[in-house]
Amino acid sequence: MIVRTLGISLLSALGCVAQELPATLTGTVTDPFGSPIKNVRVQLEPDDRNGPSFFVTGDDSGLFRITSLPPATYRLELFGPGLFRPTIRTGIRLLAGQHMSIPNLVLHHYSLYCDDSPTIDAVQHVAPGDDSGTLRGSLLDSSGAPVNGAAVSLNCAACVTKTNQAGEFIFAKLKPGSYVIAISKDGYYREFLPHYSVFKNLDWTYAPIQLERCPAEDCERVPRQEKISPRCE
C-alpha cells in the first residue's frame, strides 16, 4: 500500500511539472515575394490580455524566437521597418512544453496594393519550371465556419473548382497576372473579387474570404449592393 501511494504521488508530481513546462514560439517573416524582412518587431500577448506580454526583434533572415511562454492562447503582432503594414494573428494556442513554428508570415508594403486588395497570409517558392504560380484561399461564413462545396472560378479558361470540407480552394499552374475570383454557393450572395495576383514560381495563400448569407429564398439572383473599389495608381 505504501509503495502504491508513493507511486501515485510521484506520478502526480511529474504531472504538475509537465503542466508547468514553458512553451516556445518561432516564426519567419517575409514580404509577399518570399524575401526575408530584417529587424521585425514582434509582440506576443495573451488573447484575453490577462498575462505578461513578450517582445523580441527578428534577425536578418526574418526569424524570431520567443521562449519561456506560459501555456495560453496568444495574439501575435508584427511590425516591419519602413512602410510595411503591421500584421496581427490571433488564436495561437500554445500547450505546456510545446515548440510551435509559424513559417512564412507575410508583411505587406503600403505602396504595393490598393486599400481593398486582398491580404496574403503565407508565401512559399515552387520549383522552377514553366514559370507559373499558385493561388490558394478559403471561404468562411459570418460565424467563422468553413464553407464547403462553394463554386470558385477565375477569369481564365477551365479555372473552376470547389471548396473542400475545410473551405479551401487552390488553383495551380496559373499564368502570372491579376485575376478576378467569382464565388457562388446556395444560400450566399455571389462575390466577384478583383486584385488577386499571381507571380511566377510563387505559391500565395490569401486571407480567408467571408461570405454573406442571403435572406431571400433565391438569393443567387438577387444582386448584392455594388462595391466601388478605389483605383490602383
Side-chain angles (χ1 to χ4, degrees), residues 23-47 49 52-67 69 72-94 99-127 132-140 144 167-172 174 176-179 181 193-210 229-233:
T24 299
L25 178 68
T26 61
T28 303
V29 186
T30 72
D31 65 19
F33 302 98
S35 298
I37 301 176
K38 302 178 181 180
N39 303 321
V40 173
R41 292 184 294 114
V42 182
Q43 178 177 340
L44 188 72
E45 61 182 10
D47 264 357
R49 309 296 176 97
S53 297
F54 299 84
F55 303 87
V56 299
T57 299
D59 62 18
D60 288 353
S61 64
L63 177 68
F64 67 85
R65 180 181 178 87
I66 309 175
T67 59
L69 295 171
T73 300
Y74 287 93
R75 166 191 176 97
L76 177 68
E77 299 186 43
L78 304 173
F79 303 90
L83 295 177
F84 284 102
R85 295 186 297 191
T87 290
I88 298 174
R89 182 170 293 193
T90 59
I92 301 174
R93 185 184 180 191
L94 294 176
H99 294 261
M100 178 183 290
S101 177
I102 307 178
N104 304 320
L105 291 162
V106 180
L107 291 185
H108 298 262
H109 199 281
Y110 278 110
S111 63
L112 283 180
Y113 303 98
C114 298
D115 291 340
D116 68 337
S117 295
T119 299
I120 302 164
D121 270 357
V123 59
Q124 54 187 324
H125 291 276
V126 297
S132 63
T134 299
L135 187 159
R136 302 172 186 264
S138 59
L139 305 182
L140 304 176
E168 301 166 336
F169 62 87
I170 178 173
F171 294 95
L174 292 174
S178 181
Y179 291 85
I181 292 182
L193 307 172
H195 309 315
Y196 278 79
S197 298
V198 173
F199 287 82
K200 65 180 182 180
N201 301 136
L202 289 178
D203 184 330
W204 279 5
T205 301
Y206 282 93
I209 300 168
Q210 186 177 95
S229 301
R231 182 180 177 183
C232 294
E233 298 293 348

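Contact annotation: the side chain of R65 approaches that of T24 to within less than 4.5 Å [non-hydrogen atoms, C-beta and beyond]. Residues F64 and L105 form a side-chain contact, since some pair of their non-hydrogen atoms from C-beta on lies under 4.5 Å apart. Looking at heavy atoms from C-beta onward, V29 lies out of side-chain contact with V42 at the 4.5 angstrom threshold. Annotation: side chain of V106 is not in contact with side chain of T87 (no heavy-atom distance under 4.5 Å). L25 has its side chain out of reach of Y74: every pair of non-hydrogen atoms, C-beta onward, lies at least 4.5 Å apart. For the pair V123/P32, no side-chain contact is recorded, criterion being any heavy-atom separation below 4.5 Å from C-beta on. In this structure the side chain of D59 never reaches within 4.5 angstrom of the side chain of K38, judged on heavy atoms. Taking 4.5 Å as the limit, every side-chain heavy atom of M100 sits out of range of all side-chain heavy atoms of R93.
Panel note: side chain D47, backbone G91; a donor-acceptor pair is recorded below 3.5 Å.
For an aromatic pair to be called close, the ring centres must be under 6.0 Å apart, and W204 with Y196 fails this.
One finds the NE2 atom of H125 at 5.5 Å from the CG atom of L202 (value rounded to the nearest 0.5 Å). Atom NZ of K200 sits about 15.5 Å away from atom CG of L174, to the nearest 0.5 Å. Annotation: the span from S132 atom OG to F171 atom CZ amounts to 14.5 Å, rounded to 0.5 Å. The line from CG of L63 to OG1 of T30 is 12.5 Å long, rounded to the nearest 0.5 Å. Note: L94 CG to T73 OG1 = 8.0 Å, rounded to the nearest 0.5 Å. Atom NE2 of residue H195 and atom CD1 of residue I181 lie 12.0 Å apart, to the nearest 0.5 angstrom.
Closest heavy-atom contact between F84 and I37: CE2-CD1, 3.6 Å. When all heavy atoms are compared, the tightest approach of R136 to T205 is CD-OG1, 3.5 Å. When all heavy atoms of G62 and P36 are compared, the closest pair comes out as N-CB, 4.0 Å. Of all heavy-atom pairs between S53 and Q43, the closest is OG-NE2, 4.4 Å. Nearest heavy-atom pair, P46 versus P52, reported as atom, atom and distance to 0.1 Å: CD-O, 3.2 Å.
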| task | Carefully, step by step, assess N39 and D60 under the rule side chain to side chain contact (heavy atoms under 4.5 Å, CB included). | result | CA-CA 6 Å; N39 303 321; D60 288 353; 4.1 Å; yes
| request: Go through the steps for L135 and F169 under the test side chain to side chain contact (heavy atoms under 4.5 Å, CB included), then give the verdict. | output: CA-CA 9 Å; L135 187 159; F169 62 87; 3.8 Å; yes
